[in-house]
Amino acid sequence: MYTKIKDTLLAELAELKEQGLYKVEVPLSSAQSAHIDVEGKRVVNLCANNYLGLADDPRLVEAAKKALDEWGFGMASVRFICGTQDLHKTLESKITSFLHPVVQDEGGRPPFEPPALAGSQVQDEGGQWDTILYSSCFDANGGLFEVLCGPDDAIISDELNHASIIDGVRLSKAKRLRYRNRDMADLEARLIEAKDCRYRLIATDGVFSMDGYLAPLDEICDLAEKYDALVMVDDSHAVGFVGQNGAGTPERYGVQDRVDIITGTLGKALGGASGGYTCARAEIVEMLRQKSRPYLFSNSLAPSIAGAALATIELLEQSGDLREKLHANTAWFRAEMGRQGFEIPESDHAIVPVMIGDAVKAAKMADIILAEGIYVRAFSYPVVPQGKARIRTQMSATLTQSDLEAAVAAFAKACEQVG
Ligand SMILES: *Cc1c(COP(=O)(O)O)cnc(C)c1O
């Protein structure tokens, strides 16, 4: 029975290889870190989302072990049957207060007493906020839109949004409108186009991962106010290190109380294991707990991950050292690569794409740079637009000055060799 599809699959796989679209996985023989072992060689790692260098941090490993001992290995249940531990509720309220810190009064108490409803809410002047955990941010986005928006509504989405937003939007019956990447005039036109819909929901990545550009959330929130729309931001590439306290792009743009829904991952800066969340207006979260399918029908986050995530956020609340180191590394690398004549898109984010243009050249350069002991990957069409091939580097707080100098030297050498 398998013969027919097998032949087709083999032909299609061969075609992918021919077109250079076949994805090869390079196994690491070490922990994820600033330095990794690849094919028997220790190299500097410039391509993980390990922005704060926490993926192998002993403090998180210890917190995960402690949670394993105290809370066991797995939950073997979804949240609403018997998959909720105190640990999950504590993590949810920790994420809420991290993203929506309440101004403390003199007595150290929040100015409003949050009602006892779900036990993990935070209230500020804009209302109440709450957080719901998922197995991944892919699931958080997959389980969001369908719950909130129906055929009478419109979801207005940035054209470069992450695949999980695109898929989540597809699962809803709402009208789907797209605007050009960060183009506020185009967003306004789409809002006008959707003016007769019941609700309008603007959905955007906080940071666009191929360019390192931030979404202009202040302008987006202004437009949302003008046209009575909700705002949803996926802050996966920002939470933990963008904004003064690491609360992400809403903090950076001063709109923490104007973004209605934030989704994010625990799989990048926040330790890098796995897990995701939606932090939103309390009623939205309450409805997600009732109706969001990846939450209802997929297993609870493992206790060790929840315990380590909690420790991560506590660490980030106590000290801004890792954030500062990351920003210093990013600023130095961007400036030095610029001085060497490389084209780097204007931003200050830790995603630092080095624009090459030609896909073959980009791939050749990446090989040379790896041979020099710096692990980088080239990205070309269809991941990025035709003729915009690049080597995307990502900074990390645990990279040293000599790592960065070696990286710049390797880029310079590859550039010379490839021409
Ligand atoms: C990485 C990423 C995701 C997926 O997060 P997971 O927790 O790994 O599923 C979703 N959205 C954006 C914008 C991302 O960058």
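When reading the values below, keep in mind they use all heavy atoms of this one structure, side chains included, and skip hydrogens, waters and symmetry mates. Fair warning: this is a prediction, and the values are worked out from it, not measured in the lab.
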Any side-chain donor near an acceptor of the partner, [X] and [Y], under 3.5 Å:
X      : Y      : result
Arg178 : Ser157 : no
Thr400 : Asp403 : yes
Thr96  : Thr131 : yes
Glu92  : Tyr277 : no
Asn141 : Thr263 : yes
Gln318 : Glu314 : no

Within the structure provided, determine whether [X] and [Y] are in side-chain contact (heavy-atom separation under 4.5 Å).
X      : Y      : answer
Leu46  : Met395 : yes
Ile351 : Ser209 : yes
Gln32  : Asn45  : yes
Leu315 : Leu52  : no
Met365 : Ile356 : yes
Arg176 : Ile155 : no
Cys279 : Phe98  : no
His35  : Ser30  : no

Candidate pair Leu296 and Val78, rule side-chain contact (heavy atoms from CB on, under 4.5 Å), full reasoning: CA-CA 6 Å; Leu296 294 176; Val78 298; over 6 Å; no
Got a donor-acceptor contact below 3.5 angstrom from the [X] side chain to the [Y] backbone?
X      : Y      : answer
Asp205 : Asp234 : no
Ser380 : Ala359 : no
Asp235 : Gly264 : no

Please determine if Arg200 forms a cation-pi arrangement with Tyr227, meaning its NZ or CZ atom is less than 6.0 Å from the six-membered ring centre and no more than 45° off the ring axis. no
Evaluation steps, side-chain contact (heavy atoms from CB on, under 4.5 Å), between Leu171 and Phe145: CA-CA 7 Å; Leu171 289 171; Phe145 301 99; over 6 Å; no
For [X] versus [Y], what's the shortest heavy-atom pair and its separation?
X      : Y      : answer
Pro345 : Asp211 : CB-O, 4.0 Å
Asp56  : Ser33  : OD2-OG, 3.2 Å
Gly267 : Thr265 : N-OG1, 2.8 Å

Electrostatic pair [X]:[Y] at N-O distance under 4.0 angstrom:
X      : Y      : answer
Arg182 : Glu219 : no
Arg289 : Glu286 : no
Asp167 : Arg170 : yes
Asp69  : Lys65  : no
Arg258 : Asp222 : yes

As a quick check of understanding, evaluate salt bridge (Lys or Arg N to Asp or Glu O under 4.0 Å) for Arg190 and Asp186, giving each step before the final call. CA-CA 6 Å; Arg190 300 289 84 74; Asp186 201 29; 2.6 Å; yes
Neighbour count above 12 (heavy atom, 6.0 Å) for Glu39 CD: no
Stepwise side-chain contact (heavy atoms from CB on, under 4.5 Å) test for Gln340 and Phe411: CA-CA 9 Å; Gln340 299 278 336; Phe411 266 96; over 6 Å; no
What do you reckon, are the aromatic ring centroids of His349 and Phe241 less than 6.0 Å apart? yes
